[in-house]
Structure formats: structure tokens, C-alpha cells
Amino acid sequence: MANASLAADPDPWKVFPGGLPSSANALRFNIDANVAISRQHANPAGLEDWEQGKASLAAKLDEAIGLSPRPAKTPLNAQVTGRAERDGYTIENVAFESFPGFYVTANLYVPTGLEGPLPAIVVTAGHAMDDGKNYDLYRTAQIGLVRQGFVVLAYDPIGQGERKLPGYSHQVSYPALLVGHTNLRYMLWDSVRSLDYLETRPEVDPKRIGIAGNSGGGLNTMYAMPIDSRFACGASFCCLCSYEAWIKDGGNHCICNHLPGIAQDMEQFQFVGLAAPRPFLAGNGQKDPIFPIAGTRDTIQRAEQIYAFYDSADHVTLRDVPAGHGWSKPLREAGYGWFNRFLQGRGDGSPVAEPEIELEDKGSKDLQVFKDGKFPADARSYVDLVREEANRLVAAYPNVPSDAADYSAWSESLREQLWQTLGGQPQVFKSQAEEHGSFDWEGHTVERLAIRTERELEVAALLIRPENANGPLPLVIVLDSQGKQAALQSETVRRLLEQPIAVLALDVRAVGEGAVNANQCASDAIMLGRPLLAQQAWDVIVAARTLSQQEGFGEVAVYGRGSSGLTTLLAAALSDHLDAVVTERTLGSFVDAIADPLPQPQWVYAPNILKVADVSQLAALCAPRPLMFVSPVDDKQKELSEERRKRLLDTVQSGYNATSAKSAVQLAAGKDAEQAAADFLIRALTE
């Protein structure tokens, strides 16, 4: 219908033709909100103040990582698959299971000619996806440490080196968030189990085990220190900063770095303080653009005050060097001196010169754990573990009540849980819809609107008033994951306008005209504790409230296509301002969003939501309002099987039965689905 018009003159369809202003920039909104919260975390007043609060901080850190409760320590089933002699040390290839069937591949470097038991260091790799533990820069550090007399266990983090396999990608952290897990949960547990393995080795002194890593390995290190007190010493390189400086100026980061709501709960100096008085070194480049050095300096200065409560201010320090991002030689030398002092009792902690180190070919079989490149037949992937947890959570949901009183109590409780999980209900204020001009399109009037959904944010929308319409009109808010212009090209919209029914084609934040860096915006929203899915649902809720208060509109429905159907359902589940709901080709379950590569946009993945509700529970909260599923889909975008459609509808139907609205919920699939959305909305709004 609109294709010709759009192709001829696309500019009229933009509310902000000059580019996205900061007032409509969802990324800017999340950055500013994070920074404002981070600045509220104050230094403890003294030892008593710190001691009173640190248990709560530790619990919040565990919760954010996904380590509450801590996983069971299942058998490691460690195996040595190879051993090679080198000048001054040996290399053993080791595999163990951090979770049942979840294999960790590692190399153990053991000095020769020294009497044990020896101090040891777990070395965690940064984002060297192809090489992992065998990346040249990291092997240089490993060999440098073994030449200092340390046993070194270097392993491949998930999705790296030998574990760079389908189903192990770092992007799986997004699906993991749905069940309350994170990449860091798995990375840190690998480090904890690495320490467990080292404690079984006769060459190792279990009281003198440290941890070190660069970039993503520095991330692992700086969180491993507070979560496991058995790490006697740590050195985090090119990662420690402050949440404020890193989010404000550090740019786009891997989802590994982002913990749900952590900015609300603490700043980085506080989790460093949780390790006190155990020695902790931060080594950073002064020119590192992604971890601004000012943030690192501030964090260490504030952490020193906490360490001073334990008369150990010299046990935490920063070594910064005139370099960029990377485990450069000066930083490696700083690490040698630090570990020598605190794990070997020699030196004053000053940097120790690194001898020349020659590296063998990183493809050497002596550096590979599984020589044939194949994992054992019983191996389980990252996706497997997350799906297992998701299915466990969903299976434990109570049935949706079919009794009216029970349903009322259930729905009230579930809505409250959802708001708590999604960061709380934003402050309600008198919102505005500011007009940015209008134009005629195929006989209809199109108004360009900027709707203020938060005090600091507005979103773009097109309000289409049908030609020759009189009296109060019903309104359908149309969402499409490709943006409002894609929504306007649907046959459903054409039929609605013919009725006449007004249409608001809405670009919720970070979608369509409001699109920004998808990963950065979604991950910063996670840090804030208000995931983008919830923020977008709020945009819908406020837009519905704002338009319904204007003269000329009656009932308001919402119609979401594709991934935006999840935003639609969540908005309707949380608000009574939406009088009818339709989703089309939307996931039948959040469990279907758990796959590698990601089958859904990053904004879909709301942390912890599967601990509370799945799609069917959200839909049941819509009762007794008219609701239709049109062609719900699975993770491969195929229509759900008849069995799965029945399960979905049966769960939702209970809520509708409880509200005496048995026929108000429907599902259309196959050939019946072509006209279903328009037919349903027309009946719901005009009959």
C-alpha cells in the first residue's frame, strides 16, 4: 500500500528528519541514568560502617552474577590428555568438567627442578576468540610466570580456543540472562573449579593460589577475588575501571562485562574492597580507550581506603603505564613482582624484568587438549545448560488459576513480581505528544508525533487518522521490530484504516527511527536494572495513556509483529490501558529465544524474566481483554506445532475462564492466519 509513497519520498515518515536528537536517544538515556546512579555510591564512613554493609554487597554481587545460590561442586572428572617437556618446565594438557558434561580445556605449566609444594596461578584469557589460552600474548605471560617459579593453569573460557564451538558463543550470555545467569557466572565458575583442580595437585600449595588475566581475563580476575576467598592474590590487567567512567566513556563492550542491575547496587571500588585484605593489583594502560584510566585511578584510591581499615593499604595498588589496551610487557613485569611478593615472599612488589621468551607455534599439538579437535560424546554446550535451567523454571510454575478469586490474587502477585524483576515501575507523569508536522497519505492524515514517555526521553510515532472519520475513533498501536515504516506496509493496517480505525505506528525506544548501537544500548540497560524490553513496554503503556486522554479516541488496542509481539504482551500484562491485544509471528515461549546465534534482537533478553513468567503467563494476565495469537513461532521462526499451540492456549485459557471471558482469547495459524489480525481487531473495537 505505502511502498510507492515511501520509495518516492521517505523523509515525511521521519519524525526527526535531521537525525536522532539526544532527547530521543535510548543509548544516551541509559548511559546518563547509569552514571547518575553510580555517583550515589559513597565511601564507607569507617570499618564499622563497612563491616555492617559488606555481607549485603557480597550477596548482591552473587545475585547479579547468577551465583545465588552457588552451584553444586560436581565431580571434576579431570583427565590429562598429554604431557610435553620444555626447558625449565613441563606442559600438561588437562580437561575437567566445571558442570557435568561442561568440559574445560586447560594447559598446566609446572616448573622443573624446584621443590614443592609451589604457589600457583590461574590465568584466564581475554577475548582471543580463536586462540584462547594459546594466544601469543597470554602464553608469554604464562611462560613468564612459570619461569618465576609458579605452577600455571591456563584455560579456555567459553567460546574461545578449543571451546569455540557452536552453542558456546559469548552472545549466549543474552539468553542466559533470561534465567538469571550471565557469562561471568560460567567464566567465574570455571575459575573456581580450576582452583579446585589445582588443590588436587601435589605440586601445588593450596594456600598460595592466585589469579590473573587481561581484558576479559582481567574481568574474570577482578570478580573472582571477591567471590572466592581461596584466591590468595589477584592481578587484573586492562579491565578494572569504574562503572561510571566505563559506561560514560568506554563505548561498546561485550555482554560479558554487564551484570543485571549492578550499577544500582555498587561501584567497582566496593567489590574490590570485598577482597580486602588479600592483595589485589590493577594494571592498566593510560591510553586504554575502553577502560578510561581516570576511572581506574578513582576506584583504586577508594579501595585503598577500605584496605586501610585492615591496616593493609599497600595490598591494593595500581600500576598504570603509557600504553593502550593489552597485556604489555611492563604490565606483565608488574604482575611478576606482585605475585613474587605475596605468593613467594620475595621482593617488595616492584616490577621484575621479563627474560626473553620464545614461543612455539600456537598450533602445536602439545598445546591442544583434545588432539583430534573433538569433545567427548557426552559434552554439553553453554546453550544446553541454559535451556536446561529454563525448562526447569518453566516446569515449576504454578498453574494459572481458573477460579475468579484465585486468579485475581495470582494476577496481582505476578504483576508485582514482574515489576520488581524489571526494575520497578517508572515514575508516572503527565506525558505529552508533540506534533512535528503532518501530511496527507492516500487520503489519510498522518501526524508526526514525539511522545514523551519518560521525563528525559521521547519516542517517534506516526498517528494516521482515516479520511472522512467522524466521532471518537478506536485506536490501534502498531509495533514492528523493523520499525514503524515496516508496520505501515501491512495489509492489516490498510484494513484498519478502512473501518475507520486510527493507527499509531510507534517506534519504541531503540527501534526504527530510534535505532542506536543495539548491543551497547541493551547491555547498558541491563546494568541499569531496567532491561530494554521493559523500557519499550513502558513506551507502549505511556503512548496508550497519552493518546486515550486526547479527544477523538476511544478504546486503544495494541498489535505487535515479530519480536515486538513480546513488547506488546508485556505492556498489556502490566497495564490496563490496552483494551485488546494481538501478536503475529511472535515467539510462543522465551525458551525459544535460547540459541546460538541469537534468534532474537538483544532487547528481547530481559534478565530473570523466566524466573517469574513465560509468554503464556504474560498472556494470561491480559484476561478478560480480547487477545489473539496469530501464527506463534519457535526458535527457527516456524509456526508452533499443533501440540505446542494447544499447550500455549490451554495455559492462557485458564485465566480467561476465571474472568468469564472464555471466547475472548483465540489463536490462528496456517491459512486461517492471513486475515486473522485485522478481523479480530475490527470485531474487538467496533462490535
Side-chain angles (χ1 to χ4, degrees), residues 58 61-62 65-80 92-100 102-111 116-126 132-133 138 141-142 145-146 148-158 160 163 183-214 216-237 271-272 274-281 335 338-339 342-344 369:
L61 184 61
D62 269 13
I65 293 169
L67 287 173
S68 181
R70 293 288 176 96
K73 287 193 174 183
T74 51
L76 288 168
N77 297 325
Q79 54 182 302
V80 176
E92 290 186 17
N93 313 125
V94 178
F96 60 85
E97 300 172 43
S98 58
F99 295 97
F102 197 54
Y103 286 88
V104 179
T105 48
N107 287 332
L108 184 73
Y109 294 78
V110 182
L118 300 172
I121 298 172
V122 175
V123 174
T124 64
K133 65 184 180 302
Y138 302 153
Q142 293 157 24
L145 287 167
V146 78
Q148 292 294 325
F150 297 100
V151 175
V152 175
L153 181 71
Y155 72 84
D156 289 315
I158 51 172
Q160 298 180 225
R163 298 170 84 191
N183 270 3
L184 262 176
R185 176 186 192 265
Y186 292 89
M187 293 162 63
L188 288 169
W189 200 243
D190 286 349
S191 291
V192 168
R193 301 316 311 272
S194 294
L195 191 156
D196 291 340
Y197 174 71
L198 285 172
E199 289 184 336
T200 71
R201 296 290 301 216
E203 309 95 325
V204 173
D205 180 350
K207 300 296 185 184
R208 293 189 291 157
I209 298 176
I211 184 167
N214 176 74
L219 177 80
N220 191 318
T221 298
M222 71 192 201
Y223 286 108
M225 285 293 289
I227 68 112
D228 196 321
S229 61
R230 294 176 301 159
F231 285 115
C233 185
S236 171
F237 297 98
F271 73 67
V272 174
L274 288 174
R278 288 173 288 128
F280 180 85
L281 167 71
W338 189 255
F339 285 121
F342 289 107
L343 294 183
Q344 293 186 357
V369 176

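Values in this document were obtained by computation on a predicted structure and should not be read as measured data.
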J.: Is the Lys NZ or Arg CZ of R208 less than 6.0 Å from the centre of F339's six-membered ring, within 45° of the axis?
T.: no
J.: Going by side-chain contact (heavy atoms from CB on, under 4.5 Å), name the residues that satisfy it together with E92, two or more places apart in sequence or in a different chain.
T.: V80, R83, V94, L108, R201
J.: Using the rule side-chain contact (heavy atoms from CB on, under 4.5 Å), only one of I158, T124, V192 pairs with M187; which is it?
T.: I158
J.: K207: which residues meet the salt bridge (Lys or Arg N to Asp or Glu O under 4.0 Å) condition with it, sequence neighbours left out?
T.: none
J.: State whether R163 and D156 are salt-bridged, where the test is any N-O pair (Lys NZ or Arg NE/NH1/NH2 against Asp/Glu carboxylate O) under 4.0 Å.
T.: no
J.: For a quick test of reading the model, state the closest non-hydrogen atom pair linking R70 to I227 and the distance between them.
T.: NH2-O, 2.9 Å
J.: Would the distance check show the side chain of R278 and the main-chain N or O of F231 forming a donor-acceptor pair, the cut-off being under 3.5 Å?
T.: yes
J.: Do you know which two heavy atoms are closest between I211 and T221, and how far apart they sit?
T.: O-CG2, 3.6 Å
J.: Does R193 come within less than 4.0 Å of D228, counting only side-chain N to carboxylate O?
T.: no
J.: For Y103 and S98, test the side chains for any donor-to-acceptor distance below 3.5 angstrom and give the result as yes or no.
T.: no
J.: Please find the pair of heavy atoms, one from Y155 and one from A106, that lie closest to each other, and give the distance.
T.: CB-CB, 3.7 Å
J.: Considering all heavy atoms of both residues, which atom of I65 and which atom of L184 are nearest to each other, and what is their separation?
T.: CG2-C, 4.1 Å
J.: Which pair of non-hydrogen atoms, one from P279 and one from F342, has the smallest distance, and what is that distance?
T.: CG-CD2, 3.2 Å
